[in-house]
Amino acid sequence: MSAQPFRLASGGLIDRGHQLDFSFDGKSYGGYAGDTLASALLANGVRLVGRSFKYHRPRGFLSAGPEEPNALVELRSGARREPNTRATVVELFAGLDAASQNRWPSLAFDLLSINRLVSPALVAGFYYKTFMWPASFWEKLYEPLIRRAAGLGRAAGAEDPDQYEKAFAFCDLLVIGGGPAGLAAALAAGRSGARVILCDEDFRLGGRLLAEKREIGGKPASEWLAATLAELESLPEVRIVPRTTVFGLYDHGIYGAVERVADHLPEPPAHQPRQRGWRIHAKRAILAAGALERPIVFAGNDRPGVMLAGAVRAYVNRHGVLPGRESVLFTAGDDGWTTARDIAAAGGKIAAIVDSRPADPARKALADKLGARLFAGGAVMGARGGRQLSGVTIRDASGVVTELSCDLLAVSNGWNPTLHLTSHQNGKPAWDETLQCFVPGSLPADLAVAGSAAGRFTLAQALEDGARLGRQAATEAGLAATASEPAPTTDPETTGLSPVWRVSGGKGKAFVDYQNDVTDKDVELAAREGFRPVEHLKRYTTLGMATDQGKTSNLSGLAIMAEQTAKTIPQTGTTTFRPPYTPVAIGALAGHHRGKEFRPVRLAPTHDWSKEQGAVFVESGPWLRAQYYPRPGEADWLTTVNREVKAVRASVGICDVSTLGKIDIQGADAAEFLERVYINGWKALPVGKARYGLMLREDGFVMDDGTTSRLGDSHFLMTTTTANAGKVMQHLEFCHQVLWPELDVRMVSVSEQWAQVAIAGPKARETLRGVVDPEYVLSNEALPYLAARSVTVGGGIQARLFRISFSGELAYELAVPADYGDAMMRALMQAGASFGITPYGTEALGVMRIEKGHVAGNELNGQTTARDLGLGRMMSSKKDFVGRLMAGRQALVEQERPALVGFRPVEPGQRLRAGAHFIGTGQQAVMENDEGYMTSVAYSPHLKHWMGLGLIKGGAARIGERVRAYDPVRNGDVVVEICSPVFVDPEGARLHG
Amino acid sequence: MRITCPHCGARDAQEFSYLGAADPKRPEGMAASEAAMATYVYQRDNPAGVHRELWYHGAGCHAWLVVSRDTRTHAITAVEPAKARKAGATA
């Protein structure tokens, strides 16, 4: 294991007794607990960590936080490989396996860096201008090439093996950010008993206090931090959630947050999610997210070794890493001097301090004390070096140019408040001329901003804001306020600043947006070509896009555009920040709802029994239904289905139909209600009878069908199709509650309460006799077709018996309370054993309904009318019903509208395919000649050929004609004859037997 | 979003499904004209401001609710059961 040559001998919030070994690009390194991947790499002298997006320039760490544009790395391997993570916020763990991105074959030697040689061609708008022609080249040539050359990380390409969770939380106050402002706010509110949640994206609480050497109350800030955290821990209603980024503010005080539960571990522990997506409902919130430091645009400002000054302080003070041997400071304000002081205190050598502001004796004295050369009123024109910084070119106030060697350039240009969340609900940031930054504009009523996030940059202001706003939030949440204590004192600090947006005159590219390789020249080009509004600037140059969303680049871009157009920054525009603040894995949003767990699976009451029978199951809406029951030796599914169909038509079969929707409808106006929702009549339906019903949407198209039985004068039981059960329930409730609340009717879904089984075939009655209690007569006279009765089965169990048929055979449906479903199935199997009773599934059901010309889901597809389906005559002309008027509009009653008929192949051996389109024989297969399409097909073992149902122009008037069933997708082109949709027993003799 | 159901209290918007404008009235009876029905089925205003709209509490009490929502801010100013609204009305 290599030593850590850039690690300081002491100091930092790391555990030097706890070494963590990790690897980067296959090479092993050592770090300490408390390191980020970035600080550990810097400790080891690794500065080159990535190649830039477009030019493949070598890149290092710019920042020490979530704004990092350069140091994007892949973590882990195999199915857990995660691209585009920011090394600056990755918590180091033992065994971490990280790799750089966007380089080939290696980071140090990247062949695609030849892009730099052709870079004049790669300016803003390059893609728009170059790859326009010929159009056919785009998909096959240009796009794949561009995607290979310009890219971020690689997705794992395998299913994510980890679990994710969704969680909800409620609180009086949500504090976003665990720095001094956030902690003070949580403490002030927590002391009053408020329910407080404090989220911080870091793994360690304290925010900037961790990166600074400050005093609070005359003692090191670390003591205040420890005492505050201890008190917060002791408050039962305060919950502190580290490693959690609040990424979005949504309507009505809902905050989205992602908790990285196990990202700092090689694998999540057993039963733990990798990440947890939080939806936090907060009465009030305080944004205390701090600020992000701003770079300066100058030539070579992307050389590895050019870093933000605040980030350098974080590495020195928090991680005990001095990321260079010889430093130069380039600062536009007082803040940069703090970095110089901290570098010197850590024993680092400062070659020069370049302060853009005019000479000042106090600063001169300080520079002398630090042993640094001072360039007052100067600027860094350029940075040079290849894979790492080797020196800078400095221009002093009089224009004299000096070359200096250095390996670290710390840049300080003031800070931008992290106000992103204030913008998520339409808030526009406002420019503050004094502070020279955007500050939060209008805020949602329940959100307050504290400390640096509000542009109040000093530690004293952060502590004061936090305490005041925390107390205020508690009061507003209805809690008694605690006594107001004066905010603790801090050591003095100054925030003088005169920002420098760009230094011209250097040699080479000056980057505005590091992540997208957007230079100052690109912004100038956009201005010249008219892409001046900030939204156009973004789209034309890609400035502010991708994973960092311009956290370090937006303002520089605006400033250069303002300069080009002779406007001020606020006149040029602002950025509209949208969620998420930082990238969020889709897994954290989906939680457990993926794959088979996307929604609950509903099982029929006889599911276990079907499993015992060896059923193959199929998804049907939310349900799993038995599709067919293969027996040993059967060659394929068709053999099985043919056997099942033949058994039903020859003897008796049995099928679970519990999945159909069942709605119990009661009330004095129940019949009137059905009159209005169905197209046919219901008032005259006698008690004890069932009827087929069809309902439309108000726009005149068919919504659903089913049988509905009258169980009593004011009591009906409706059935719906399996797929539409929920939709019909919602529709009926709409009709009642919204359209006709005056009707005396109540309804409830009983789909889950009843197990229902179809018993079909010539031996159905004899089979049924074996389970229905003997006092109930089952003869054709006592229980005719469409009878609906209450009976008892198995010695007194309440049941309902319906003589209805989907198969066209003598058939019944028997319903018992759901818990008896399994027993009923077994009893029926026993009762029918001597007839060779055969379980059948949805396939056989489908064959038999096509043989009978019954419509199902394929025909009830939302685009058909009752008339299209041959059911137009069911529409009552004596009453109003949902869809009546719209069903009668001209376009829906045209003779030419495709209508339902049957089809059979002219050559009996030929197979039909659903989805085939009908074309006149001898006609060309083009859209203009399209006459309709096949909706359902099946092989009829009864007819011994394929048959189909379909919708064709002219419908039944064309029976006997021949057309092509054209299926280009499966190379099908079969001549079919149009026929009646009823293929079997058109007289219905079997049904009434 | 959160919707305060009059029966169930403040609930997450995921429990509800949206239908659309609450105020268009269905032309009732055999005398209604096709034109009036077409207007009811298809014509909707798209206001910038308060919009009275129907939401269905499908994962709760199954009530259809009339929600007054500002389309610019999503601020919800009133929620009432659709049924209560009509009970006293002379349609």
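Within every chain, numbering begins at 1; the chains are lettered A, B, ... in the order of the sequence lines, protein sequences first and strands thereafter. All values below were derived from every heavy atom in this structure, side-chain atoms included, with hydrogens, water molecules and symmetry-related copies excluded.
Each of A:Glu733, A:His731, A:Gln730, A:Gln737 was compared with B:Tyr56 under the side-chain hydrogen bond (donor to acceptor under 3.5 Å, both in side chains) criterion, and only A:Glu733 meets it.
Within the 4.5 Å cutoff, no side-chain heavy atoms of A:Arg884 are placed close to those of B:Met37. B:Tyr40 has its side chain out of reach of A:Met886: every pair of non-hydrogen atoms, C-beta onward, lies at least 4.5 Å apart.
Atom NZ of B:Lys25 sits about 10.5 Å away from atom CG of A:Leu739, to the nearest 0.5 Å. Atom OG1 in B:Thr73 sits 9.0 Å away from atom CD in A:Gln425 (nearest 0.5 Å).
Using a 4.5 Å cut-off between heavy atoms, B:Ser17 touches chain A through its side chain atoms alone. Both the backbone and the side chain of B:Ile76 come within contact range of chain A, judged by heavy atoms closer than 4.5 Å. Only the side chain of A:Arg279 comes within contact range of chain B, judged by heavy atoms closer than 4.5 Å. In this structure, chain B has no heavy atom under 4.5 Å from any part of A:Tyr250. Neither the backbone nor the side chain of B:Ala13 comes within contact range of chain A, judged by heavy atoms closer than 4.5 Å. Heavy atoms of A:Phe881 lying under 4.5 Å from chain B belong exclusively to its backbone.
The minimum heavy-atom distance between A:Lys878 and B:Met30, with the atom names listed, is C-CE, 4.1 Å. When every heavy atom of B:Trp64 is checked against every heavy atom of A:Phe734, the shortest pair comes out as NE1-N, 3.0 Å. The minimum heavy-atom distance linking B:Ala82 with A:Val738 is given by the pair CB-CG2, 3.8 Å.
Summarising the local packing, CD of A:Gln895 is surrounded by 12 or fewer heavy atoms from other residues, nucleotides or ligands at distances under 6.0 Å.
Side-chain atoms of B:His74 do not come within 3.5 Å of backbone N or O of A:Asp251 as any donor-acceptor pair.
Between chain A and the options B:Ala10, B:Ala38, B:Pro27, B:Gly58, the largest number of non-hydrogen pairs under 4.5 Å is found for B:Ala38. When each of B:Val41, B:Leu19, B:Asp12 is scored by its heavy-atom pairs under 4.5 Å with chain A, the top score falls to B:Asp12.
A:Asp880 has a carboxylate O that lies under 4.0 Å from a charged side-chain N of B:Arg26, or vice versa, which qualifies the two as a salt bridge.
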